[in-house]
Visitor: 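Can you keep this structure in mind? I'll have questions shortly.
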Amino acid sequence: MKDMKTRYIFVTGGVLSSLGKGLAAASLGALLQARGLSVTIQKLDPYINIDPGTMNPFQHGEVFVTDDGAETDLDLGHYERYLNTPMSHKNNTTSGAIYNNVIARERRGDYLGATVQVIPHITDEIKSRILSLSEGPDAPDVAIIEIGGTVGDIEGLPFLEAIRQLRSELGRDNCLNIHLTLVPYLRTAGEHKTKPTQHSVKELLSIGIQPDIILCRCEHTIPAELRKKIALFCNVDQDAVFSSVDVGNIYEVPLKFYDEGFDQKVAIMLRLPARNARLESWKKLVNDFASPLGRVTIAIVGKYVDLKEAYKSLHEALVHAGVANRVAVDLRYVNSEQVNRANEDELFADCDGILVPGGFGYRGVEGKIEAIRYARENKIPFFGICLGMQCAVIEFARNVAGMERANSEEFDEKTPENVIYLLREWYDYRTSNLEKRDATSDKGGTMRLGAYPCTLTHGTIAHAAYGEENISERHRHRYEFNNKFKEKLGECGLVFSGNSPDGSLVEIVELTEHPWFVGCQFHPEFKSRPMEAHPLFRDFIRAAVDYARSHDRVEQAPGAATMAEC
Ligand code: GLN
């Protein structure tokens with residue numbers, strides 16, 4: 001056993017997916033951090049894609065982008081938001097990435113003629129990625145490893161085998177297995193049911209993993225005698241069975257866990273040098289969220305309105321901005337394909353702000369452009385993100401600058417008025433580098449990804465929001481503003497308030513004759529934090545509050561925020 005500082009916590013899920021493993025892992029991390037420990041989290045995804053970058057948001061939800069340009073699982077967004085720590089490519093890996101690496105090494109002859117097998121080669125690669133978290137002088141006190149999928153899935157087996165092996169290699173006391181299961185409440189029988197949990201633990205035991213802690217996702221706190229029963233049948237301590245109850249606000253989860261004594265038990269079992277938890281900021285957050293002084297309605301005009309997971313960070317950033325302004329933000333998801341001149345008054349009735357988020361492909365774009373025209377002409381606060389910013393430029397070019405054929409090359413390759421275009425130098429540079437690095441990649445990897453610096457112009461809405469000149473934000477797109485049209489659009493009133501430091505790339509556009517109209521080429525939602533709302537989201541919601549006030553909308557309407565669809 002090597003002398004190690006970092007303790008490992010492995011989180012597995014049982015019975016079914018979507019139990020909130022990511023939130024549970026992030027909440028536990030936040031609590032351990034509140035106890036003065038340094039924490040990192042890693043997500044291991046058993047699917048074969050190298051990363052979720054090429055996956056349809058309908059299937060996989062949002063692709064979360066890190067500073068170093070990794071396209072990752074949306075759980076990393078929770079990790080960043082709960083730990084207030086930037087994640088990197090190290091914090092998410094997939095079966096695809098693991099196999100890719102092992103196969104590349106096999107092709108290079110690194111295995112010296114050996115038969116390359118799941119055990120030990122794949123499992124060794126998994127272990128080395130897990131252990132990479134505790135390398136170097138900044139090794140954290142705790143590394144939480146979340147295994148994606150559900151115990152019993154064929155594709156998850158190598159990961160479970162890897163964590164089984166690691167426990168004996170790292171020392172039994174340096175690792176902890178937490179199993180999250182579902183304990184359903186059967187209304188007709190009037191009782192909780194433990195059988196699915198028992199089966200799931202049995203499945204884990206059959207592959208050599210004994211959970212130390214069982215975390216039960218449930219509607220109501222599990223009664224003491226039931227915990228005893230689960231402890232008895234699953235071979236865990238009686239005080240190692242915890243409830244993870246349904247909550248209205250996900251930021252309540254750490255406090256609920258704390259009330260249960262979950263983090264304390266973890267700290268004791270791992271002999272962690274933990275102090276008392278400092279949870280004032282979490283309590284304030286939950287309290288402020290629960291007691292808004294007013295409310296605003298924001299229309300989100302997008303294509304993926306049926307799947308909220310596709311806009312996860314965006315949704316959270318709006319929640320944070322609501323808390324910062326002490327208002328509830330009611331979201332109205334508007335399907336952009338349905339927006340037209342005839343129905344926009346109705347669709348946007350009582351909206352205090354319109355937001356057009358990022359996206360790919362032409363479907364629904366004309367509706368987005370129409371919604372932006374409506375926001376611009378009616379002086380409704382508008383926020384455009386990535387594709388939303390590109391659509392704002394197209395709308396302005398068409399309807400203000402009189403460029404009828406203005407478009408993005410993404411939607412009309414031949415248009416002479418390609419105000420948004422594919423930056424060839426960038427594309428060529430990326431593709432040629434990719435060829436050198438990875439000949440198998442064509443779709444993935446041609447985007448501008450990750451953090452890039454941006455310089456803000458004094459006296460603009462953007463500069464007022466950030467309060468500083470130099471910022472860094474995360475990108476995920478192929479197309480850019482075409483500088484050929486900068487002068488013309490500038491003369492017509494479009495303000496380029498954020499640019500790359502060398503001036504070659506437009507990062508933020510805004511309007512002056514409007515209360516709040518901002519479009520940014522980057523994705524600010526990735527950097528918003530519950531206790532520190534992103535400046536652009538914060539000011540957008542502030543503008544929406546002003547708009548609501550000027551329209552005599554009811555402000556004193558307490559209650560939690562809602563989500564509606566049009
Ligand atoms: N489709 C646009 C592009 O590739 C915008 C991408 C996005 O909104 N993330 O540039």
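Numbering of ligands and ligand atoms starts at 1, following listing order.
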Visitor: Counting N and O atoms only, with roles assigned by atom type, does the side chain of Lys312 sit under 3.5 Å from a partner on the main chain of Gly77, one being a donor and the other an acceptor?
Guide: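 Flag not set: sc Lys312 to bb Gly77 has no pair under 3.5 Å.
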Visitor: Look only at interatomic distance and state if Leu387 has a nitrogen or oxygen under 3.5 Å from any nitrogen or oxygen of ligand 1.
Guide: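 It does: an N or O of Leu387 is found under 3.5 Å from an N or O of ligand 1.
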Visitor: Is ligand 1 under 4.0 Å from a heavy atom in the side chain of Gln390, in the backbone, in both, or in neither?
Guide: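 Only the side chain of Gln390 comes within reach of ligand 1.
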Visitor: Should you measure from each heavy atom of Glu410, which atoms of ligand 1 turn up under 4.0 Å away?
Guide: 1 (N), 2 (C), 3 (C)
Visitor: Would you please indicate if the ring centroids of Tyr374 and Phe348 are separated by under 6.0 Å?
Guide: yes
Visitor: Could you check whether Tyr466 and His534 have their ring centres less than 6.0 Å apart?
Guide: yes
Visitor: At what distance is the nearest protein heavy atom to atom 6 (C) of ligand 1, and which residue and atom is it?
Guide: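 Result: Gly359 O, 3.3 Å.
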Visitor: Show the atoms of ligand 1 that are less than 4.0 angstrom away from any heavy atom in Gly358.
Guide: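 Close to Gly358: 8 (O).
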Visitor: Say whether Gln521, considering both its backbone and side-chain N or O atoms, lies within less than 3.5 Å of an N or O atom on ligand 1.
Guide: no
Visitor: Please determine whether any non-hydrogen atom of His523 lies less than 4.0 Å from an atom of ligand 1.
Guide: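 Distance cut 4.0 Å: His523 passes for ligand 1.
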Visitor: Any sub-3.5 Å donor-acceptor pair from Glu417's side-chain atoms to Arg405's backbone N or O?
Guide: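 Here the side-chain-to-backbone pair exists.
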Visitor: Which atoms from ligand 1 have a heavy atom of Cys386 less than 4.0 Å away?
Guide: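 Once the distances to Cys386 are compared, the set is 5 (C), 6 (C), 7 (C), 8 (O), 9 (N).
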Visitor: Any donor-acceptor pair under 3.5 Å linking the side chain of Asn325 with the backbone of Ala321?
Guide: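 Looks like yes, one N/O pair under 3.5 Å.
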Visitor: After noting the C-alpha distance and the side-chain angles of Arg332 and Asp350, does the key distance pass the salt bridge (Lys or Arg N to Asp or Glu O under 4.0 Å) rule?
Guide: CA-CA 10 Å; Arg332 185 183 300 170; Asp350 301 335; 5.2 Å; no
Visitor: For atom 10 (O) of ligand 1, find the nearest protein heavy atom and state the residue, atom name and distance (0.1 Å precision).
Guide: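 The protein heavy atom lying closest is Tyr479 N, 2.8 Å.
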Visitor: Just to be sure I read this right, does ligand 1 sit under 4.0 Å from the backbone of Arg476, its side chain, both, or neither, counting only heavy atoms?
Guide: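 The answer is the backbone of Arg476.
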Visitor: Nearest 0.5 Å, what's the CD1-CD distance between Ile420 and Gln521?
Guide: 6.5 Å
Visitor: Nearest protein heavy-atom contact for atom 4 (O) of ligand 1: which residue, which atom, what distance?
Guide: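 Going by distance alone, atom 4 (O) of ligand 1 is nearest to Arg478 N, 3.0 Å.
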Visitor: Among Glu80, Glu507, Glu525, find the one that has a salt bridge (Lys or Arg N to Asp or Glu O under 4.0 Å) with Arg474.
Guide: Glu80
Visitor: With respect to Ile385, determine whether any N or O atom, backbone or side chain, lies less than 3.5 Å from an N or O atom of ligand 1.
Guide: no
